[in-house]
Visitor: 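My questions will all concern the structure given below.
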2 protein chains.
Amino acid sequence: MSIGRLATLCGCKVQTIRYYEEVGILPPARRSGGNQRLYTPTHGERLLFIRHCREFGFTIEQIREMLLLGGDGERSCEEIDRIARERLEEVKQKILRLQGLQAELERIITGCQGGRVITCRILSSLADHGQCLHPRHGVMDPEEGVGN
Amino acid sequence: MSIGRLATLCGCKVQTIRYYEEVGILPPARRSGGNQRLYTPTHGERLLFIRHCREFGFTIEQIREMLLLGGDGERSCEEIDRIARERLEEVKQKILRLQGLQAELERIITGCQGGRVITCRILSSLADHGQCLHPRHGVMDPEEGVGN
DNA sequence: GCTTGCAGCTCCAGCGACTGGAGGTTTTAT
DNA sequence: ATAAAACCTCCAGTCGCTGGAGCTGCAAGC
């Protein structure tokens, strides 16, 4: 199977597949006489696993670890469980964070009565920390705004 | 006011301030004889506005636009309102997205009974698209997992 | 006046997970 | 045989910082 076909089947880009090979989570493919990659269904399965993990927001390092742990079928799945639970915790935290943000944004947008910029409550809310109701000011995570 | 003092007051790093100057959202400061930046309270206000916006997840480009629009006090605040509402919509979408993720992660974690890796339901769920209940498979945004 | 040490300066590389492009080669279809 | 599409490698760019190297400025204590 060519790299293009694999990309189509797995719903990702050709460059992404080469990137996964480069960072070592997808094993190098056999090459044709003209140096083109030839993939097996096994590669396809692994790539689908990787893509699915990425959709859940696992990092490449977490995926690498899971693939390593998954390689030994007799090993306890404790560690896999831990990684997944860690990710779940992150997701929950981020939801809370965003819900706070949503409330605050709604508050400042509601304040704006649609006049001129000089009296705009959105701008003044953003300018003035005194008006800020935000609970964890300045300690955001790097994916959603400022990370300190 | 030195750059270090400004950084302390605004709760950000010295490098961040220099970065904002470099990308043109914070005007260059007057320099001392020894070429060190000297800031005024006006700079401080602007920096606080920027930091506050960043905590809400506005991009540098959105902040640039808001600063530009805010510069003319007589202008209608329609555009500011639009930018803020766009951001609110993004936040709402991301919350929905993450809630789906949370449900799915909880489902696959619950499936794992803590045996050996070879029978681990977390791994098989991640490997098998057939088991995937995820609604918007493969169309995630770049901040939370895969973006296509 | 001299040293010490922190704070500042510029320039550049790196983060994560890709993405896109240049410039060349191979495969495939007509 | 030829043209188009797909492939190859290598490198730069994305975003918003962050950290480091290697230098200079400045205030305080002796």
Visitor: Any side-chain N or O of A/Y19 less than 4.0 Å from the OP1 or OP2 oxygen of C/dG16?
Guide: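 Answer is no, no contact under 4.0 Å.
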Visitor: Tell me the interatomic distance from B/L26, atom CG, to D/dG16, atom P, rounded to whole angstroms.
Guide: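 So the two atoms are 16 Å apart, to the nearest Å.
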Visitor: With A/S76, which residues qualify under side chain to side chain contact (heavy atoms under 4.5 Å, CB included), at least two apart?
Guide: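 A/S76: side chain to side chain contact (heavy atoms under 4.5 Å, CB included) contacts with A/E78.
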Visitor: Whole angstroms only, please: what is the CZ-P distance between B/R5 and D/dA27?
Guide: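 One finds 15 Å between P of D/dA27 and CZ of B/R5, rounded.
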Visitor: For A/R116, which residues count as a side-chain hydrogen bond (donor to acceptor under 3.5 Å, both in side chains) partner, sequence neighbours excluded?
Guide: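 Scan of A/R116 (side-chain hydrogen bond (donor to acceptor under 3.5 Å, both in side chains), adjacent residues dropped) gives B/E74.
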Visitor: Quick one: B/L47 CG to D/dG16 P, roughly how many Å, whole number?
Guide: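 Between P of D/dG16 and CG of B/L47: 16 Å.
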Visitor: Could you pull out all residues at least two apart from A/E106 that satisfy side-chain hydrogen bond (donor to acceptor under 3.5 Å, both in side chains)?
Guide: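 Scan of A/E106 (side-chain hydrogen bond (donor to acceptor under 3.5 Å, both in side chains), adjacent residues dropped) gives A/Q102.
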Visitor: How many Å lie between CD on B/E55 and P on D/dC17, as a whole number?
Guide: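 Going from B/E55 (CD) to D/dC17 (P), I get 10 Å.
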Visitor: To the nearest Å, give me how far apart CD1 (A/I25) and P (C/dG16) are.
Guide: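 From A/I25 CD1 to C/dG16 P: 13 Å.
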Visitor: From the list D/dC7, C/dG8, D/dG16, which nucleotide is the closest neighbour of the side chain of B/R54?
Guide: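 Comparing D/dC7, C/dG8, D/dG16 against the side chain of B/R54, the answer is D/dG16.
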Visitor: Residues in side-chain hydrogen bond (donor to acceptor under 3.5 Å, both in side chains) with A/R30, at least two apart?
Guide: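 Counting only residues at least two positions away or on another chain, A/R30 forms no side-chain hydrogen bond (donor to acceptor under 3.5 Å, both in side chains).
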Visitor: Round to the nearest Å and state the distance from A/E21 atom CD to C/dC18 atom C1'.
Guide: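 Computing the A/E21:CD to C/dC18:C1' distance gives 15 Å.
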Visitor: In whole Å, what is the span from the CD1 atom of A/I17 to the P atom of C/dG20?
Guide: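 About 15 Å, once rounded to whole Å.
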Visitor: Rounded off to whole Å, could you give me the CD-to-P distance for the A/E22 and D/dT9 pair?
Guide: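 Going from A/E22 (CD) to D/dT9 (P), I get 10 Å.
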Visitor: Quick one: which residue pairs count as a salt bridge (charged side-chain N to carboxylate O under 4.0 Å, His left out) with a foot in residues 60-69 of chain A, not counting sequence neighbours?
Guide: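 Sorted result for residues 60-69 of chain A: A/E61-A/R64, A/E65-A/R82.
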Visitor: I'd like to know if the side chain of A/Y20 pairs up with that of A/R51 as donor and acceptor (distance under 3.5 Å, no hydrogens or angles considered).
Guide: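 Yes - a donor-acceptor pair under 3.5 Å links their side chains.
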Visitor: Check whether any side-chain N or O of A/T59 sits under 4.0 Å from OP1 or OP2 of C/dG16, and answer yes or no.
Guide: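 No, A/T59 has no side-chain N/O under 4.0 Å of OP1/OP2 on C/dG16.
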Visitor: Does D/dG16 have its OP1 or OP2 closer than 4.0 Å to a side-chain nitrogen or oxygen of B/T16?
Guide: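 Looking at the OP1 and OP2 atoms of D/dG16, neither is under 4.0 Å from any side-chain N or O of B/T16.
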Visitor: I'd like to know if the side chain of B/H52 and the backbone of A/L126 have a donor-acceptor N/O pair within less than 3.5 Å.
Guide: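 Yes; at least one donor-acceptor contact below 3.5 Å.
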Visitor: Residues of residues 31-43 of chain B with any non-hydrogen atom less than 4.0 angstrom from an atom of DNA chain C: list those, numerically ordered, please.
Guide: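 The stretch gives B/R31, B/N35, B/Q36, B/R37 as the residues lying under 4.0 Å from the strand, ordered by number.
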Visitor: Write out all pairs satisfying side chain to side chain donor-acceptor pair (under 3.5 Å) with one or both partners inside residues 2-12 of chain B, taking only residues at least two apart or from two chains.
Guide: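 Qualifying pairs: none.
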Visitor: Using a cut-off of under 3.5 Å, enumerate the N/O to N/O pairs linking the protein to nucleotides 19-22 of chain D.
Guide:
from, atom 1, to, atom 2, distance (Å)
D/dG19, OP2, B/K13, NZ, 3.0
D/dG19, N7, B/Q15, NE2, 3.3

Visitor: Which pairs pass salt bridge (charged side-chain N to carboxylate O under 4.0 Å, His left out) with one or both residues in residues 37-46 of chain A, sequence neighbours excluded?
Guide: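 Qualifying pairs: A/E21-A/R37.
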